[in-house]
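Quick note: numbers below take in every heavy atom, side chains included, and nothing from hydrogens, waters or symmetry partners. So that the names make sense, note that chain A is the first sequence line, chain B the second, and so on, each numbered from 1.
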Protein chains: 2
Amino acid sequence: MTFAFDKERHRQGKGSEVEIFEAYLRQKGLKLTVPRRQLLELIFDDHSHFTADQLFDRCRERDVRISKATLYRTLAILTDCKLLSAHDFGGEAKYYEHVFGHEHHDHLVCLACRKIVEFQSPDIEKLQDQAAEELGFAPIHHSLAIFGVCAACAETAEGRKVIEEGQAGPTSVSD
Amino acid sequence: MTFAFDKERHRQGKGSEVEIFEAYLRQKGLKLTVPRRQLLELIFDDHSHFTADQLFDRCRERDVRISKATLYRTLAILTDCKLLSAHDFGGEAKYYEHVFGHEHHDHLVCLACRKIVEFQSPDIEKLQDQAAEELGFAPIHHSLAIFGVCAACAETAEGRKVIEEGQAGPTSVSD
DNA sequence: CTGCGTGCAAAGTATTTGCAGGGTC
DNA sequence: GACCCTGCAAATACTTTGCACGCAG
């Protein structure tokens, strides 16, 4: 049987992450251990987008001693039970983000400062589903990232350079 | 100066890849060597989406002896001069695709057979630019991938499993 | 108690880089 | 002839895995 994903509970808001996690672990015969509980708290305390490495650093800051192995293993579980989702914005590493209690959204990524901003567009969603159906695909999920330069960076030399280069060549096409 | 990207020529169609490549190399003070020429031919012969590894295999098939180092270095150049673009569809490796003579498009990725289908939607493009502007971003490029199951795979057990799992959990959430 | 979980270190992947000899312009 | 290129192997960066011991249920 597939994990009984409780959409009702999923809509409730903060705090229930633990419940969902516990339920998931139980039905999988897994255990709620100290490291897992700690990670859960650290993650849902406030990060919305983070890499495995950032999370690891955060552990050290808060004196939570966990190995990277456990960290990765836990991220995998959290992704499986839909508390987190993983994205790849083309940087070095994968980004994880909260899913619980969040509407689906897409991302704007600043190529100058790597800041990530979320946005929603039901219209885009609609068009996507439409496009998928036209081509005979059963859509499951999607990932849309718009890469550009944020307002703040557009003022900087770095930001301007990125924009100018973006006009002609994507990476090191300049000079 | 930014690379004088010749949009006119870029619209002409097959064959001019070599010219664009040559022009780019020349103005960068780089050289048109045998390995580079061979790779260019292999790539534009027909692959539309491929990973570095697939290209490498293809080299061996056709008795083109090139090291992976050179292969990656050449892919970087081709990406810089906009003959190729790189995407990350969440699999293990990056996918490269032809840009030359292709309108911008987005992707449908079959999660069962990994087939990639292209589609275009000017309406979606428009909404994206709009969303970016609303948030103060200067959009440079974007990447939209819809993950789902293609018509053919929807008929198979594997495809159905993926769809069912997609309803509740994304990865190994089953049984 | 049984079996999953943990840390550690070693193994993997995918990609990049240093270096010495070779080829292009 | 100068400088860029190439292959090779070693180096990276991120993530996964094997193993022996420890803790949750």
Side-chain angles (χ1 to χ4, degrees), chain A residues 18 21-40 42 49-60 63-81 84-96 114 171-172 175, chain B residues 18 21-40 42 49-60 63-81 84-96 114 171-172 175:
Chain A
V18 191
F21 190 47
E22 279 185 30
Y24 180 73
L25 292 177
R26 196 167 309 132
Q27 76 127 47
K28 283 283 201 179
L30 307 179
K31 288 164 187 173
L32 182 55
T33 61
V34 174
R36 284 177 182 168
R37 211 189 296 260
Q38 290 176 314
L39 278 174
L40 197 68
L42 270 176
H49 296 88
F50 59 95
T51 61
D53 232 46
Q54 288 168 350
L55 179 57
F56 188 66
D57 286 345
R58 185 132 167 170
C59 286
R60 315 205 102 237
D63 286 308
V64 172
R65 302 211 152 278
I66 296 180
S67 69
K68 281 204 171 170
T70 296
L71 189 152
Y72 278 110
R73 285 187 277 233
T74 305
L75 285 176
I77 296 175
L78 289 170
T79 301
D80 273 356
C81 68
L84 291 183
S85 68
H87 292 277
D88 202 317
F89 295 130
E92 324 66 46
K94 213 173 284 181
Y95 272 83
Y96 292 87
R114 282 278 145 189
T171 328
S172 51
D175 182 29
Chain B
V18 191
F21 191 47
E22 278 184 31
Y24 180 73
L25 292 177
R26 196 167 309 132
Q27 76 127 45
K28 283 283 200 179
L30 307 177
K31 288 163 187 174
L32 181 55
T33 60
V34 173
R36 284 177 182 167
R37 210 190 295 261
Q38 290 176 314
L39 278 174
L40 197 68
L42 270 176
H49 296 87
F50 59 95
T51 61
D53 232 47
Q54 288 167 349
L55 179 57
F56 188 67
D57 286 346
R58 185 132 167 172
C59 286
R60 316 206 101 237
D63 286 309
V64 171
R65 302 212 154 277
I66 296 180
S67 70
K68 280 203 171 171
T70 296
L71 189 151
Y72 278 110
R73 287 188 275 233
T74 304
L75 285 176
I77 295 176
L78 289 170
T79 301
D80 273 357
C81 68
L84 291 183
S85 68
H87 293 276
D88 203 317
F89 295 132
E92 324 68 46
K94 211 173 284 180
Y95 272 83
Y96 292 87
R114 281 279 146 187
T171 329
S172 52
D175 186 24

Novice: Is there a side-chain contact between A:Leu40 and A:Leu78, using heavy atoms and a 4.5 Å cut-off?
Specialist: yes

Novice: Can you see which heavy atom on B:Pro35 is nearest to which on B:Thr70, and at what distance?
Specialist: CB-CG2, 4.1 Å

Novice: Could you give the angle between the helix axes at the two ends of the helix from C:dC1-D:dG25 to C:dC25-D:dG1, with five pairs per end, rounded to 10 degrees?
Specialist: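 Axis-to-axis angle, ends of the helix: 40°.
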
Novice: Rounded to the nearest Å, what distance is computed from the OH atom of residue A:Tyr95 to the C1' atom of nucleotide D:dC14?
Specialist: 14 Å

Novice: Can you check each nucleotide of nucleotides 15-25 of chain D against protein heavy atoms at under 4.0 Å and return B for base, S for sugar-phosphate only, - for none, in 5' to 3' order?
Specialist: BBBB-----BS

Novice: Give the rounded distance in Å between these two atoms: CZ of B:Arg65 and C1' of D:dC5.
Specialist: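 B:Arg65 atom CZ is separated from D:dC5 atom C1' by 19 Å.
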
Novice: For the residue pair A:Leu30 and A:Arg36, what are the closest heavy atoms and their distance?
Specialist: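 What the structure gives for the nearest pair is CB-NH1, 4.1 Å.
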
Novice: I need the A:Ile66 CD1 to A:Thr33 OG1 distance, nearest 0.5 Å.
Specialist: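 One gets 8.0 Å once the value is rounded to the nearest 0.5 Å.
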
Novice: Write down the distance between CG (A:Leu55) and P (D:dC14), rounded to a whole number of angstrom.
Specialist: 14 Å

Novice: Excluding sequence neighbours, so at least two apart, what forms ring-ring contact (aromatic ring centres under 6.0 Å, His included) with B:Phe89?
Specialist: B:His87, B:Tyr95, B:His107

Novice: Report, as yes or no, whether the 6.0 Å neighbourhood of atom CZ on B:Arg65 holds more than 12 heavy atoms from other residues, nucleotides or ligands.
Specialist: no

Novice: Determine whether B:Leu84 and B:Phe50 make a side-chain contact, defined as any pair of heavy atoms from C-beta on separated by less than 4.5 Å.
Specialist: yes

Novice: Only counting residues at least two apart or in another chain, list the ones meeting salt bridge (charged side-chain N to carboxylate O under 4.0 Å, His left out) with A:Arg58.
Specialist: A:Asp45, A:Asp46

Novice: Reading DNA chain C 5' to 3', which nucleotide is the first, and which the last, to come under 4.0 Å of any heavy atom in chain A?
Specialist: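 So the outermost contacting nucleotides come out as C:dG3 to C:dC8.
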
Novice: For B:Cys81 and B:Tyr24, work out which heavy atoms get closest and say how close.
Specialist: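 Looking at all heavy atoms of both residues, the shortest contact is CB-CG, 3.3 Å.
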
Novice: Among all residues two or more places apart in sequence or in another chain, which pass the salt bridge (charged side-chain N to carboxylate O under 4.0 Å, His left out) test with A:Asp53?
Specialist: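 With sequence neighbours excluded, A:Asp53 shows a salt bridge (charged side-chain N to carboxylate O under 4.0 Å, His left out) to A:Lys68, given in chain and number order.
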
